[in-house]
There are 2 protein chains.
Amino acid sequence: MVEKGYGGTSISDIAKAVGMTKAGLYHHITSKQDILFQILIHAMDGVERDVIEPVKQVEDPEERLRKIIRLHLRRLFENGLEFALLFPERRHLEPAQQEAVVQRGKNYLGLICVAMRELADQGKLQDLDINIAAVHILQTITGIARWYTKDTGISEDHLVEQTVNFNMSAILK
Amino acid sequence: MVEKGYGGTSISDIAKAVGMTKAGLYHHITSKQDILFQILIHAMDGVERDVIEPVKQVEDPEERLRKIIRLHLRRLFENGLEFALLFPERRHLEPAQQEAVVQRGKNYLGLICVAMRELADQGKLQDLDINIAAVHILQTITGIARWYTKDTGISEDHLVEQTVNFNMSAILK
DNA sequence: ATAAATCTACCGATCGTTCGGCAGATTCGT
DNA sequence: ACGAATCTGCCGAACGATCGGTAGATTTAT
């Protein structure tokens, strides 16, 4: 599905990949749409557990923001960068399911906005539009799934460090 | 195709949209794949004409980089943000066509890298990995197509200004 | 014995693509 | 100048393949 898109991936493809027939697969799922929905929900549960929760205890907003970026990237690397590519495929879901996914995405964005607002209160933030900057930060993170492979010669550690620094330089005074 | 993806858009859909039958449409095209290829080529021709060419005469690297970002965004707004979303759909092309598209994308990225290298020579650049930073910059630009609509209440001018500043702050000393 | 898991076989619909043909405009031979 | 030949744009119909999904029989595990 990551390689060929939602529309380009058939139930037969999926069944074959897990070593079953279509009918056998349908014993475990309810519809093709539901597969996509479950994947997205599962991915966002993971972000909640591995990024949002651990970060709640960090009081310093600068340190928190750095940790958000670092943990998010670490999670992407460990759980498969490619799943981030399925996020745009939410357009194939029912409006209600779409809303559920989008809502959780917005919550995450809010986390970044709050940290920036706290930085602004401390006078450490540049003069910028927080909402736009937050989207840009998120974009540099998730965008990595679109181009990074190990055979670029770039190490994961280096990429994480560079991405954190890039974004912090962009917003801090 | 932007809304439903390559696989999710049928030839019938396209034919209906242009007020023809499938057969009538096939009088003008050679294959579904070719439609996608032509769209991508056309889009990249536009970037070459509206961004790459006008920017060649700017000598100061900082000014040039600012102009690249500004012109690229202006072009996206005027020629339809949504076409940028078709770029990832290049996976549905033949490897040879894919290569042609990717190559032109890399050229564009090179333009950004050169400007940053010149900035580094002038000692104006932060200590960072130029290749990674270039991708991040490009990601904030093209990523805008993924979330921006006019009903966010954000004006195009404001967004352009914020995006230029975000990226320049990220890389300049 | 029973219930879960998986199978074979099939459904109607739709996919991308091709074919032959049909009007209307243009070009050509005389 | 005029009919014949050609070209252009489009259509209805159909092709084989594949789509998402289902029914019912069969295997597997307890």
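Values below: all heavy atoms of this structure, side chains included; hydrogens, waters and symmetry mates excluded. Below, chains carry the letters A, B, ... as their sequence lines are ordered, and counting in each starts from 1.
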Main-chain N/O of [Y] paired with [X] side-chain donor or acceptor, under 3.5 Å:
X      : Y      : answer
B/Q139 : A/T140 : no
A/D45  : A/H42  : no
A/Y148 : A/I154 : yes
B/N167 : B/T163 : yes
A/Y6   : A/R90  : no

query = Which ones in residues 4-17 of chain A lie close to DNA chain D, meaning a heavy atom under 4.0 Å from one of its atoms?
reply =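 Heavy-atom contacts with DNA chain D come from A/T9, A/S10, A/I11, A/S12.
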
inquiry  = Using a 4.0 Å cut-off on heavy atoms, which residues in residues 19-28 of chain B reach DNA chain D? List them by number, or say none.
reply    = B/M20, B/T21, B/K22, B/A23, B/G24, B/H27, B/H28

ask   = Which whole-number value in Å describes the distance from A/H92 NE2 to D/dG20 P?
value = 12 Å

request  = Can you tell me the distance, in whole Å, between the CD1 atom of B/I29 and the P atom of C/dG16?
outcome  = 10 Å

request  = Apply salt bridge (Lys or Arg N to Asp or Glu O under 4.0 Å) to B/D34 and list each qualifying residue two or more places apart in sequence or on a separate chain.
outcome  =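 Salt bridge (Lys or Arg N to Asp or Glu O under 4.0 Å) check on B/D34 returns nothing, list empty.
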
query = Just checking, is any N or O donor in the side chain of A/D151 or A/T149 under 3.5 Å from an acceptor N or O on the other one?
reply = yes

ask   = For the rings on B/Y108 and B/H72, is their centre-to-centre separation under 6.0 Å?
value = yes

